[in-house]
Amino acid sequence: MLRADALLSRFGYCSRREAAAWIRAGRICLDQETITSPSVKLDPARVLVDGEPIPFVNGILVALHKPLGYTCSHTPENGAPTIYELLPAQWLARSPAVQSIGRLDKETSGLLMLSDDGDLVHALTSPRRHIQKVYEYRTIAPVPLEATALFASGSFTLNGEKTPCLPAALEPDATDPCHGFLRLHEGRYHQVRRMLAAVGAPVTQLTRVAIGSLQLASLSLLPGEWTPVDSRVFTDVP
Ligand code: URA
């Protein structure tokens with residue numbers, strides 16, 4: 001249960017200060033009955049605002065097909081568009097606002113999760129959780145055969161880092177040595193690009209194709225499109 005003014009702010013309609021005017025204007029109903037006081041406590045699931053139920057009343061968890069060229073920043077950087085421009089503006093006005101669960105580089109496309117549930121974001125990004133993420137890469141030079149054993153060893157250390165990377169599974173394409181998949185259980189800064197550059201094969205294209213059991217291909221999303229996801233997809237992640 002939330003106070004009417006807190007509810008309008010929580011779900012991104014207006015600030016708590018502006019809520020009184022919304023309520024005076026008769027825009028908020030509970031079970032068809034118009035609310036008249038900002039302090040009345042309401043069950044968000046039974047509220048209509050301007051005759052419409054509150055979207056994502058139980059919180060937002062969506063999968064976005066991040067397009068190339070978009071940053072995961074909340075503020076535009078050097079004129080580049082941000083992923084938040086692809087989402088309904090009201091999601092950003094919610095309190096807490098929607099945020100990405102981890103990040104992808106500007107020049108990486110693919111599967112990105114977003115939520116307005118801080119605890120869920122924290123749980124899914126926790127380094128202890130080791131959620132598997134799969135990246136499809138293309139490189140400018142062939143990835144050497146010995147990279148598979150090196151990345152799987154658990155002793156490969158990135159330039160400038162002290163702790164070795166967790167074992168990672170490299171799956172090179174049998175017919176194209178400049179193409180394949182890399183499965184990681186952690187998310188260090190520019191990790192895939194740095195790992196492949198370290199074995200002499202700088203990345204030219206990178207797409208995240210899966211997070212846990214969620215596959216980008218099964219979601220049928222064009223770049224820039226998003227779809228709601230049930231949080232239970234992450235309860236049994238590998
Ligand atoms: N590794 C990278 O190098 N970039 C990403 O965006 C994600 C993983």
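Numbering of ligands and ligand atoms starts at 1, following listing order.
The shortest N or O to N or O distance between Arg194 and ligand 1 is not below 3.5 Å. For a threshold of 3.5 Å applied to N or O pairs, the pair formed by Arg193 and ligand 1 contains at least one separation below that value. Where the criterion is an N or O separation shorter than 3.5 Å, residue side chain and backbone included, Leu206 fails it with respect to ligand 1. Considering both main-chain and side-chain atoms, Thr108 comes within under 3.5 Å of ligand 1 through a nitrogen or oxygen pair.
With salt bridges taken as basic N to acidic carboxylate O contacts below 4.0 Å, one links Asp176 and Arg138.
Sorted by first and then second residue, the salt bridge (Lys or Arg N to Asp or Glu O under 4.0 Å) pairs with a member in residues 188-212 read Asp105-Arg193, Glu161-Arg188, Glu161-Arg194, Glu186-Arg188; sequence neighbours excluded.
For CD1 of Ile140, the number of neighbouring non-hydrogen atoms (other residues, nucleotides, ligands) closer than 6.0 Å is 12 at most. By the 6.0 Å contact criterion, NE2 on His74 is enclosed, its count of non-hydrogen atoms from other residues, nucleotides or ligands being greater than 12.
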Set out, in order, the CA-CA distance, both residues' side-chain angles and the distance that settles side chain to side chain donor-acceptor pair (under 3.5 Å) for Ser95 and Ser9, then state yes or no. CA-CA 7 Å; Ser95 178; Ser9 148; 4.9 Å; no
Name the atoms and distances for all side-chain donor-acceptor pairs under 3.5 Å in residues 216-228, with sequence neighbours left out.
from   : atom 1 : to     : atom 2 : distance (Å)
Ser218 : OG     : Gln215 : O      : 2.8
Glu225 : OE1    : Leu222 : N      : 2.9

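Considering only non-hydrogen protein atoms, atom 4 (N) of ligand 1 sits nearest to Asp105 OD2, 2.7 Å. In this structure, atom 1 (N) of ligand 1 lies nearest to the protein heavy atom Val192 N, 3.1 Å.
Interface of Leu104 with ligand 1, defined as ligand atoms under 4.0 Å from a residue heavy atom, comprises 6 (O), 7 (C). Taking every heavy atom of Tyr135 and a limit of under 4.0 angstrom, the matching atoms of ligand 1 come to 7 (C), 8 (C).
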